Amino acid sequence: MKALAGYLAGLLFGLGLAISGMTDPARVIGFLDVAGDWDPTLIFVLGGAVVTTFIGYRLVWRRQTPVFESRFQLPTRRDLDTRLLGGAALFGIGWGLSGYCPGPAVASLPGLSWPLAAFVVTLIAGWWLSRRMNPGH
C-alpha cells in the first residue's frame with residue numbers, strides 16, 4: 001500500500017508539472033531571465049505548491065502517526081554546512097543552465113530529447129559520484 005501511495009503521489013506530481021508547463025525548460029529559463037523576456041508562470045506554480053504544502057502539513061500534523069508508518073521521521077540537523085550549500089549551488093547552476101530539475105526531467109522522459117538525455121545522464125553521474133565521495137550518506 002505504501003508503494004502504491006508513493007506511485008500515485010509521483011503520478012499526481014508529474015501530471016501537475018505537465019499541465020502547468022513546467023516540463024518545458026524554455027519556460028523555466030524564461031522565468032530566470034528577469035532582465036530579458038521574463039515569463040512569470042513559474043511563480044504561480046511555486047505559489048500553488050506553497051499553499052498546498054501549507055494546508056497539507058496542517059492536516060497531516062493533526063494525526064498521531066502517518067498513514068503508512070509507525071512514526072513521523074523528521075530531520076534533526078539544523079545547521080548549514082558546505083556540503084548543503086555547495087549542493088544547493090550546483091543544483092541551481094544546473095537548473096539555470098538546462099531548465100530542468102529532477103522532477104520535471106523525469107516527467108519529460110516520454111518526450112526524450114538530446115538535451116534531456118544529457119541532463120539525465122549527468123544527473124545520474126552526479127548522484128553516483130556523490131555516493132562514492134560520501135559512502136555514509
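Small disclaimer: the values here were computed from a predicted structure and weren't measured.
- Between Arg83 and Asp81 there is no salt bridge, since none of the side-chain N atoms of the basic residue sits less than 4.0 Å from a carboxylate O of the acidic one.
- Atom-to-atom distance recorded for Leu42:CG and Phe44:CZ is 10.5 Å, nearest 0.5 angstrom.
- For residues 101-110, no residue pair satisfies the salt bridge (charged side-chain N to carboxylate O under 4.0 Å, His left out) rule, not counting sequence neighbours.
- Residues Leu17 and Pro104 come closest through the heavy atom pair CD1-N, 3.5 Å.
- Under the side chain to side chain donor-acceptor pair (under 3.5 Å) criterion, the residue pairs touching residues 65-74 are Lys2-Glu69, with sequence neighbours excluded.
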Could you tabulate the donor-acceptor pairs under 3.5 Å formed by side-chain atoms of residues 89-103, not counting sequence neighbours?
residue, atom, partner, partner atom, Å
Ser98, OG, Gly94, O, 2.8
Ser98, OG, Tyr100, N, 3.0
Ser98, OG, Tyr100, O, 3.4

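- Screening residues 5-24 for side chain to side chain donor-acceptor pair (under 3.5 Å), with sequence neighbours left out, gives no hits.
- Although no hydrogens or angles enter the test, the distance criterion places no donor-acceptor pair under 3.5 Å between the side chain of Ser130 and the main chain of Gly126.
- For Met133, the side-chain contact (heavy atoms from CB on, under 4.5 Å) partners at least two apart in sequence or on another chain are Leu129.
- For Leu112, the side-chain contact (heavy atoms from CB on, under 4.5 Å) partners at least two apart in sequence or on another chain are Leu109, Leu116, Ala117.
- In this structure, Met22 is not a member of the same hydrophobic cluster as Leu15, with clusters built from ILVMFWY side-chain heavy atoms closer than 4.5 Å.
- Residue Trp127 is not grouped with residue Leu84 when hydrophobic side chains (ILVMFWY) are merged at heavy-atom distances under 4.5 angstrom, including chains of intermediate members.
- With sequence neighbours excluded, no residue forms a ring-ring contact (aromatic ring centres under 6.0 Å, His included) with Phe13.
- Thr53 contributes no side-chain N or O that, together with a main-chain N or O of Val50, makes up a donor-acceptor pair within less than 3.5 Å.
- In the hydrophobic clustering, Val121 connects to no other residue, as no ILVMFWY side-chain heavy atoms lie under 4.5 Å from its own.
- Side-chain heavy atoms closer than 4.5 Å link hydrophobic residues (I, L, V, M, F, W, Y) into clusters, and following such links, even through other members, never connects Val51 to Ile43.
- Phe72 belongs to a hydrophobic cluster whose remaining members, ordered by chain and number, are Tyr57, Val60, Trp61, Leu74; membership requires side-chain heavy atoms of ILVMFWY residues under 4.5 Å apart, directly or through intermediates.
- Legend: residues meeting side-chain contact (heavy atoms from CB on, under 4.5 Å) with Leu59, ordered by chain and number and at least two apart, are Ile55, Arg62.
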Mind listing the side-chain donor-acceptor pairs of residues 30-41 below 3.5 Å, one per line with the distance, residues two or more places apart or on another chain?
residue, atom, partner, partner atom, Å
Asp33, OD1, Gly36, N, 3.1
Asp33, OD2, Asp37, N, 3.4
Trp38, NE1, Phe31, O, 2.8
Asp39, OD1, Thr41, N, 3.1
Asp39, OD1, Thr41, OG1, 2.4

